[in-house]
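Handing you a structure now.
Since the model is a prediction, treat every value here as computed from it, not as a measurement. Chain letters run A, B, ... following the sequence lines, proteins first, then strands; residues in each count from 1.
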Number of protein chains: 2
Amino acid sequence: MAIKYDTLVTQSLAKQIAENLREAILDGRLKVDQRLPTEEELAARFSVSRPTIREALKRLAAQNLVRSRRGPAGGTFITRPSDAELRVTLQNATTLMVTLGEFDIDAITEARLELERLCLKLAVERRQPEHLQRMADELQRQREPVSDEEFCAADVRFHRALVDATANPVLQFNMVTVIEALQPLMNMIANRTREREVIVDHHQRLLDAVSASELPAAEKALTGLVDYLRQQYQLARERQAARG
Amino acid sequence: MAIKYDTLVTQSLAKQIAENLREAILDGRLKVDQRLPTEEELAARFSVSRPTIREALKRLAAQNLVRSRRGPAGGTFITRPSDAELRVTLQNATTLMVTLGEFDIDAITEARLELERLCLKLAVERRQPEHLQRMADELQRQREPVSDEEFCAADVRFHRALVDATANPVLQFNMVTVIEALQPLMNMIANRTREREVIVDHHQRLLDAVSASELPAAEKALTGLVDYLRQQYQLARERQAARG
DNA sequence: TAAGTTAATTTGTCAAACAAATAGAAAAAT
DNA sequence: ATTTTTCTATTTGTTTGACAAATTAACTTA
């Protein structure tokens, strides 16, 4: 007769406890700002030692699901990660996917073009003066003699303003993968002065078209920009290959 | 004279060490599968105790950045999170955004429609027999008298097959937010038998159109599906409001 | 009443030890 | 000689116990 073993629990106690609490938090059984029992009480409750409980809590803290304070009114409190923290999570996950080598430049280029074009469609209809102003500000900054890092940051903020103009928070969140994670990788190569001018030109055309609510012109500017970046990337790759 | 304090480090030692190691991993200074020193050596290196090192490592383990094994050939090893793990991260982050209340149903519906339509465009051109087969299999499953959970899972897998047909790994990854995270929320309400039939009908039309590479018909089917789900959601809300 | 002081509580950190798993070496059996 | 078993050393997992640091609340004092 075949023996049916229990699903043998070889995971560490701390991991199990963390999962346990995690589910309770996500299910809503533990509510935001609610205070957990003290570490000692938790240790007693789960029949483990305090350091084990601490390890479990640290796992949750790494996910921004709990926060601890010292003192009599202190303790460990349930928190929901903030919008900003979740965006960083998204950004990190996408960056890791790139370093995993799952994405090639063509896939990245295509996805960026398609996704940002989608946003463009909504943005030309809904953009407010605020968004145009933000884009103009960043464009101005890109014309100044700033560092590579600052140019790239201004570039990101320019496209972020465009995405924000869609007035759709789901898209705004989703586009973190493209704007904050993938885009910086794309123009890491295109940072020399000559290339900056070309990029700035494309940005200017994009802004003009969005200001005038001319979708075809805007799409043309975006396509031009993305195509240019892909070309530059290819050139950089070939140069690198020629050297190596 | 104004005193310039050191940037006072009030963060816990474990957190600082975790950040330290985390950056080293993401920068590539620590390479995949590389073994970290033993916990004792790390403790000595950072001049802290072993439990403190352990807390730091657990924070990293929670992000799937390290993994530990016991034994002589054991230790703590650098790992890159897998594709699957990163997708779960994306899914969880999106789900948390919903519970944060940042997204309303109209924004979700609009984003889903636009994003999935984008995928549809590519899928119609590139879909392979494999994808059509997967969609057909899931559609068949949706016609069987399965549980709500299983129907929803089949629904997710149906749309996942569609997204996979885009042959673009960046989009496939990005769409986790829509397919695995948002979509289940949308049809949590539409689970009665009558409503299943309508959904299955839309799916059938969608599959037929993709099979025949007819984009307009496919878009129409998708729009019909999403509109129907939004209506159902509104109805459920009104019913709930009438009760309360 | 208001300010400063003290005490209590809770997390943060440390130290030392044992348990459990595991790989490799050594020993035993075939 | 080869295979299997046993043993041992190493490393993480867990426990116990203690003290440090931060912070609140009560208490004291002016």
Just to be sure I understand the rule, does A/Arg67 reach a base, reach only the sugar-phosphate, or reach nothing, if contact means heavy atoms closer than 4.0 Å?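 Answer is nothing: A/Arg67 stays at 4.0 Å or more from every strand.
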Quick one: does A/Arg50 reach the base of D/dG17 with a side-chain donor-acceptor pair under 3.5 Å? no
At 4.0 Å (heavy atoms only), tell me whether A/Arg69 reaches a base, stays on the sugar-phosphate, or touches nothing.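 Sugar-phosphate only.
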Of A/Leu13 and A/Pro72, the one whose closest DNA chain D nucleotide lies more 5':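 Looking at the nearest nucleotide for each, A/Leu13 comes out on the 5' side.
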Of A/Val48 and B/Arg35, whose nearest nucleotide on DNA chain D comes first from the 5' end?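 With A/Val48 and B/Arg35 compared, the 5'-side residue is B/Arg35.
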Is the phosphate of D/dT11 approached by B/Thr76 (side-chain N or O, under 4.0 Å from OP1 or OP2)? no
What is the separation between atom CD on B/Glu40 and atom P on C/dA15, rounded to the nearest whole Å?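 Whole-Å distance recorded here is 12 Å.
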Ignoring hydrogens and geometry, is there a side-chain-to-backbone donor-acceptor pair from B/Glu114 to B/Ala111 under 3.5 Å? no
Under a 4.0 Å threshold between the charged nitrogen and the carboxylate oxygen, would B/Glu41 count as salt-bridged to B/Arg35? no
Checking D/dT12, D/dT15, C/dT11 against the side chain of A/Ser68 (C-beta onward), the nearest is C/dT11
Kindly confirm or rule out a cation-pi arrangement of B/Arg69 over B/Phe77, judged by NZ or CZ under 6.0 Å from the six-membered ring centre and within 45° of its axis? yes
Spacing of B/Arg54 atom CZ relative to D/dT12 atom P, expressed in whole Å: 8 Å
Which part of the nucleic acid, if any, lies within reach of B/Lys58 when heavy atoms closer than 4.0 Å are counted: base, sugar-phosphate only, or nothing?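 The residue B/Lys58 makes sugar-phosphate contact but no base contact.
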Tell me: NZ of A/Lys15 to C1' of D/dT14, nearest whole Å? 17 Å
Would you say A/Thr38 reaches C/dT9's phosphate, i.e. side-chain N/O to OP1/OP2 under 4.0 Å?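 Looking at the OP1 and OP2 atoms of C/dT9, neither is under 4.0 Å from any side-chain N or O of A/Thr38.
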When you get a sec, tell me which of C/dT10, C/dT13, D/dT14 is the closest nucleotide to the side chain of A/Arg70?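 The listed nucleotide nearest to A/Arg70's side chain is C/dT10.
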Examine B/Arg196 relative to B/Phe151 and say whether NZ or CZ is less than 6.0 Å from the centre of the six-membered ring and inside a 45° cone about the ring axis.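 Yes, a cation-pi geometry holds between B/Arg196 and B/Phe151.
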Options D/dT24, C/dT11, D/dT16, nucleotide nearest the side-chain atoms of A/Glu39: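 So the side chain of A/Glu39 is nearest to C/dT11.
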